[in-house]
Amino acid sequence: IPLKAFINDDLSVWLLYNQSSPLQFIFNIYANKIRPVSNFFMFLAFKFVGTNTYAMYYLFFFLYFVIACVIYIIINRMSKNEFISLLLSIAFIASRFAYYQAGQALGIMEACGMLFAVLALYFLLKYMDNESINLRNYILSSLCFLLAIYSHERYIIIFALYFFLLIFKI
């Protein structure tokens, strides 16, 4: 269901966007949470689509489509089964989570966090697949991990996944 109007937190973010400088909005000094990455992308979304809620919905849904494509690549790389990869990617894009998040202006926060978390996993697996140590993939994985954390603090949990994968080389 496309986003039809701003409600609750969306209104607060829109108000902050209208009353703040770009740096104040991105580094939101009024909040008790540090989310500069998602705030930056939210700023860009407001800058380019404004209050056009339909455009925002399709923009966010496109981000979830990109995430589904990355999920497909990861699962296909691990399972070597295109059908399973496609099925799980479609399950993600058709999930209530994707539609719910695309249906609100703050959905970009979840989209950014999820995209960077999935990319962190992708580059970590790519790093671990390579027989010769490829530091580039490890650095990209670490960068995506940091971007995920600064999109939404809940993605700190993938820090444990890092150690688990590196120690047990699954």
Side-chain angles (χ1 to χ4, degrees), residues 1-75 88-124 126 136-162:
I1 300 171
L3 178 66
K4 293 184 180 175
F6 290 147
I7 57 170
N8 301 332
D9 291 339
D10 298 344
L11 290 172
S12 300
V13 172
W14 178 250
L15 182 65
L16 183 64
Y17 171 77
N18 284 315
Q19 294 179 344
S20 306
S21 71
L23 282 178
Q24 286 174 328
F25 182 81
I26 292 168
F27 294 102
N28 191 352
I29 59 172
Y30 308 108
N32 59 356
K33 298 172 184 167
I34 300 172
R35 298 175 178 165
V37 174
S38 55
N39 289 348
F40 172 75
F41 286 106
M42 178 61 71
F43 176 81
L44 291 179
F46 281 144
K47 183 86 173 155
F48 293 110
V49 297
T51 58
N52 184 339
T53 55
Y54 286 102
M56 196 170 284
Y57 172 80
Y58 291 113
L59 172 68
F60 294 171
F61 198 76
F62 173 75
L63 287 174
Y64 280 96
F65 176 76
V66 170
I67 296 167
C69 291
V70 175
I71 289 172
Y72 172 85
I73 291 168
I74 291 172
I75 295 171
L88 291 174
S89 299
I90 290 171
F92 170 77
I93 198 79
S95 71
R96 184 180 183 286
F97 177 78
Y99 281 102
Y100 174 74
Q101 294 303 330
Q104 55 181 321
L106 284 174
I108 198 162
M109 175 182 53
E110 296 295 343
C112 289
M114 179 71 72
L115 177 62
F116 291 125
V118 169
L119 285 172
L121 177 62
Y122 171 75
F123 286 118
L124 184 62
K126 206 169 170 188
R136 180 181 161 268
N137 287 324
Y138 185 76
I139 291 170
L140 285 172
S141 178
S142 299
L143 178 65
C144 288
F145 170 64
L146 286 173
L147 290 171
I149 291 172
Y150 285 110
S151 293
H152 196 295
E153 60 279 356
R154 81 172 53 137
Y155 291 99
I156 191 74
I157 194 67
I158 63 174
F159 189 65
L161 179 64
Y162 252 62

On a heavy-atom basis, which atom in [X] and which in [Y] lie closest, and how many Å separate them?
X	Y	result
Ile67	Ala111	CD1-O, 3.5 Å
Tyr155	Met114	OH-N, 3.5 Å
Gly113	Ala148	O-CB, 3.8 Å
Ser151	Cys112	OG-CB, 3.5 Å
Ala68	Ser89	O-OG, 3.2 Å
Lys47	Tyr17	CA-OH, 3.4 Å

Would you compute the distance between atom [atom1] of [X] and atom [atom2] of [Y] and round it to the nearest 0.5 angstrom?
X	Y	atom1	atom2	result
Asn28	Ile34	CG	CD1	10.5 Å
Phe62	Tyr58	CZ	OH	15.0 Å
Glu110	Leu63	CD	CG	12.5 Å
Trp14	Met42	CH2	CE	10.5 Å
Leu146	Ser141	CG	OG	9.5 Å
Ile108	Phe40	CD1	CZ	10.0 Å

Are side-chain heavy atoms of [X] and [Y] found at a separation under 4.5 Å?
X	Y	result
Phe123	Arg136	no
Val118	Tyr122	no
Asn39	Phe27	no
Val13	Phe25	yes
Phe41	Met109	no
Phe116	His152	no
Phe92	Tyr72	no

Practice task
Check whether any side-chain N or O of Ser142 sits under 3.5 Å from a backbone N or O of Tyr138 as a donor-acceptor pair, and report yes or no.
Solution key: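 Yes.
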Handout entry: CG/Leu44: more than 12 non-hydrogen atoms of other groups inside 6.0 Å
Key =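 Check passes, neighbour count above 12.
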Handout entry: CD1 (Ile156) with more than 12 external heavy atoms under 6.0 Å
Key =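 More than 12 heavy atoms, drawn from other residues, nucleotides or ligands, come within 6.0 Å of this atom.
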